[in-house]
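What follows is a single structure, written as C-alpha cells, with notes after it.
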Amino acid sequence: MSLENRDFGEIWMDGKYVPWQEAKVHALTNTLHYGAGVFEGVRAYESDKDSSIFRMHDHTNRLFQSAHIIGMKIPYTKKEINDAQIEILKRNKLKSAYIRPMAYYGGEALGLLMNKLSVRVMIAAWDWGSYLGEENLIHGIKVGTSSYTRNHVNSVLSKAKANGNYLNSIMARQEAVHNGHQEALLLDHQGYVAEGSGENIFVVKDGKIYTPTLTSALAGITRDTIIHIAQNQGMEVKEIQITRDMIYIADEAFFTGTAAEVTPIRELDGRTIGSGKRGEITEHLQKTYFSIVKGKMPDYEKYLTRYSI
Ligand SMILES: *Cc1c(COP(=O)(O)O)cnc(C)c1O
C-alpha cells in the first residue's frame with residue numbers, strides 16, 4: 001500500500017498528533033518548492049524484552065545542527081522532539097520502525113529569504129524493512145561509480161542532512177539503478193571517494209579498515225558506531241582519502257547508514273571486490289551492529305532509548 005494512504009496511525013505535526021491521512025501540507029509550502037529543509041532517519045528495533053530507538057539523542061542533535069547550518073531555527077526543544085518520537089512509536093504500536101523527523105519552511109511566502117517564514121516539524125514512523133534488501137545484507141550489492149560529483153563542500157554543505165542535498169543523491173541512485181547497479185558511489189570534486197547516495201563507505205585491506213575523511217560525506221551515526229565497534233575490538237580504522245581503484249583491489253567493502261544498516265558491497269564498476277561475497281570482517285561488524293541495536297550488548301546500552309508498547 002502507498003505510504004500516504006495507510007489507514008492507521010498518526011503523524012506528529014507541529015505539536016499535534018494528526019491521523020495518518022490528514023497529515024498534509026499546502027501546495028505552497030516553501031520547502032516543497034526549493035528543498036530548504038533538514039531531516040533525520042532514525043530506527044527503532046525490537047529486542048527480547050522491549051524495544052529501543054538507536055542513538056536517538058545523536059540523531060536529534062544532528063537534526064538541530066543541520067538546521068543551524070542552513071540558518072533555520074527549530075521552534076521546539078530537543079526534548080520535545082525526542083518525546084514526540086517515543087510517543088509516536090507507542091501510539092502507532094511500533095515495536096520496530098523507521099522514524100522520519102523533518103523540519104521545513106511553511107508557505108507564508110515563496111521567496112528565497114526564509115527569516116520571515118514559519119518553521120514546521122513533522123515526525124512520522126512506520127514499519128520498514130532493510131533499505132537495500134534483506135538478501136543483500138548477506139550477499140552484498142553491486143555498486144557503480146556515479147557520473148555525478150558529490151556536492152562540493154562550498155556548494156550545499158555536507159555536514160547538514162538537508163533535503164535539497166538529496167537531489168544529487170537521487171540523480172546518482174537513479175543513474176546507478178538504470179545502469180544495472182543497486183547503489184551509486186559518489187566521488188568528490190577532486191575525484192576521491194565520498195560516499196554512497198545515502199550511506200558512508202568502508203573498505204578493508206590486509207586486515208585494516210579504511211573510510212573516507214568527512215570532507216564531503218555526511219557524518220553518519222552508523223559510520224561512527226562501526227568505528228567504535230572496530231576500535232573497541234582492537235581493530236584499526238583509518239580515515240584517509242580513498243580512490244576508486246583502492247576499492248577495486250580491496251579485500252572487502254561495505255556501506256553503512258541507518259537505512260542501509262551494514263550492507264556489503266560485492267562489486268564496483270563490474271570489478272569483483274575480494275571474494276565477491278560478504279567478507280569476514282564485514283560480517284563480524286554487521287553482526288555486532290545488529291546485536292547492539294537489538295539491545296543484546298550491555299556495553300553499548302548508552303546508545304539505546306528503551307520503550308515498551
Ligand atoms: C543519512 C546519510 C548517511 C548515513 O548516516 P547515518 O547517520 O548513518 O544514518 C550517509 N550519507 C548521507 C548523504 C546521508 O544523508
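As a basis for the values below, the full set of heavy atoms in this structure was taken, side chains included, without hydrogen atoms, waters or symmetry mates.
With contacts defined as side-chain heavy-atom distances shorter than 4.5 Å, the pair Thr282/Phe202 does not qualify. Using a 4.5 Å heavy-atom cutoff, the side chains of Arg266 and Lys142 are in contact. Residues Ser158 and Asn151 are not in side-chain contact: their nearest non-hydrogen atoms beyond the backbone lie 4.5 Å or more apart. Between Trp126 and Asn92 there is no side-chain heavy-atom pair separated by less than 4.5 Å. Proximity of Arg244 to Arg271: side-chain heavy atoms (C-beta onward) are nowhere separated by under 4.5 Å. Using a 4.5 Å heavy-atom threshold, the side chains of Met246 and Ile240 count as touching. The side-chain heavy atoms of Ile86 and Ile53, taken from C-beta on, include a pair separated by under 4.5 Å. Using a 4.5 Å cut-off on side-chain heavy atoms (C-beta onward), Trp128 and Arg43 make contact.
In terms of heavy-atom proximity, Ile201 sits nearest to Ile265 at CD1-CD1, 3.7 Å. The two residues Lys159 and Thr215 come nearest to each other via the heavy atoms NZ-O, 3.8 Å. A pairwise comparison of heavy atoms in Pro264 and Ile138 identifies CG-O, 4.5 Å as the closest pair. Here the shortest heavy-atom pairing between His26 and Leu32 reads O-CD2, 4.2 Å. Taking each heavy atom of Leu218 and Leu214 in turn, the nearest pair found is O-CD2, 3.6 Å. Across Val262 and Gln286, no two heavy atoms sit closer than the pair O-NE2, 2.8 Å.
Side-chain atoms of Asn136 do not come within 3.5 Å of backbone N or O of Thr263 as any donor-acceptor pair. The closest donor-acceptor contact from the side chain of Lys95 to the backbone of Ser51 lies at 3.5 Å or more, if one exists at all. Between the side chain of Glu252 and the main chain of Glu280, a donor-acceptor pair closer than 3.5 Å is present. Using a distance-only test at 3.5 Å, with no hydrogens or angles considered, a donor-acceptor pair links the side chain of Ser66 to the main chain of Lys161. A donor-acceptor pair is defined here as one N or O able to donate and one able to accept, closer than 3.5 Å; no such pair exists between the side chain of Thr145 and the backbone of Leu185. Put simply, the side chain of Thr29 never gets that close to the backbone of Gly106: no donor and acceptor are under 3.5 Å apart. When atom types are taken as modelled, the side chain of Asn30 and the backbone of Gly111 share a donor-acceptor pair closer than 3.5 angstrom. A distance-only check finds no donor-acceptor pair linking the side chain of Glu239 to the backbone of Thr211 [under 3.5 Å]. The closest donor-acceptor contact from the side chain of Asp14 to the backbone of Val121 lies under 3.5 Å. For Ser96 (side chain) and Tyr45 (main-chain N/O), no donor-acceptor pair under 3.5 Å exists by modelled atom type.
Within 6.0 Å of atom NE2 in His33, more than 12 heavy atoms from other residues, nucleotides or ligands are found, so the atom counts as buried in its surroundings. For Leu3, the CG atom sits in a packed shell: over 12 heavy atoms of surrounding residues, nucleotides or ligands are nearer than 6.0 Å. Heavy-atom contacts from other residues, nucleotides or ligands closer than 6.0 Å to CD of Gln233 number more than 12.
Note on Ile141: it clusters hydrophobically with Ile247, by side-chain heavy-atom contacts below 4.5 Å among ILVMFWY residues. Note on Tyr192 and Val143: separate hydrophobic clusters, where clusters join Ile, Leu, Val, Met, Phe, Trp and Tyr whose side-chain heavy atoms are under 4.5 Å apart, directly or indirectly. Val203 and Ile227 fall into different hydrophobic clusters, where Ile, Leu, Val, Met, Phe, Trp and Tyr side chains are chained together by heavy-atom contacts under 4.5 Å. Linking ILVMFWY side-chain heavy atoms closer than 4.5 Å, directly or via other members, places Ile88 and Met56 in a single hydrophobic cluster. A continuous path of hydrophobic side-chain contacts links Tyr210 to Tyr248 [ILVMFWY only; heavy atoms under 4.5 Å].
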Stepwise salt bridge (charged side-chain N to carboxylate O under 4.0 Å, His left out) test for Arg173 and Glu199: CA-CA 11 Å; Arg173 181 150 159 89; Glu199 306 89 5; 5.6 Å; no

Glu261/Ser130 under side chain to side chain donor-acceptor pair (under 3.5 Å): CA gap, chis, key distance, verdict: CA-CA 8 Å; Glu261 297 164 312; Ser130 57; 5.0 Å; no

Audit row: Arg150, Glu195, salt bridge (charged side-chain N to carboxylate O under 4.0 Å, His left out) steps and yes/no: CA-CA 8 Å; Arg150 194 47 154 170; Glu195 59 180 339; 2.9 Å; yes

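Ring centroid separation for the pair Phe54 and Tyr300 does not come in under the 6.0 Å cut-off. For Tyr98 and Tyr131, the ring centers sit 6.0 Å or farther from each other.
Between Asp188 atom CG and Ile242 atom CD1 the span is 11.5 Å, to the nearest 0.5 Å. Note that CG of Leu94 and CG of Leu89 are 6.0 Å apart. Values are rounded to the nearest 0.5 Å. Between the CD1 atom of Ile221 and the CD1 atom of Ile226 there is a distance of 13.5 Å, given to the nearest 0.5 Å. Atoms CZ and CG, from Phe39 and Asn165 in turn, are 8.0 Å apart once rounded to the nearest 0.5 Å. Taken to the nearest 0.5 Å, the OG1 atom of Thr77 stands 6.5 Å off from the CZ atom of Phe64.
Between His189 and His152, the ring planes lie tilted relative to each other; the angle falls in the 30° to 60° range.
Cation-pi geometry between Arg120 and Tyr104 is not satisfied (NZ or CZ under 6.0 Å from the ring centre, within 45° of the ring normal).
Salt-bridge annotation for Glu40 and Arg62: present, with a side-chain N of the basic residue lying under 4.0 Å from a carboxylate O of the acidic one.
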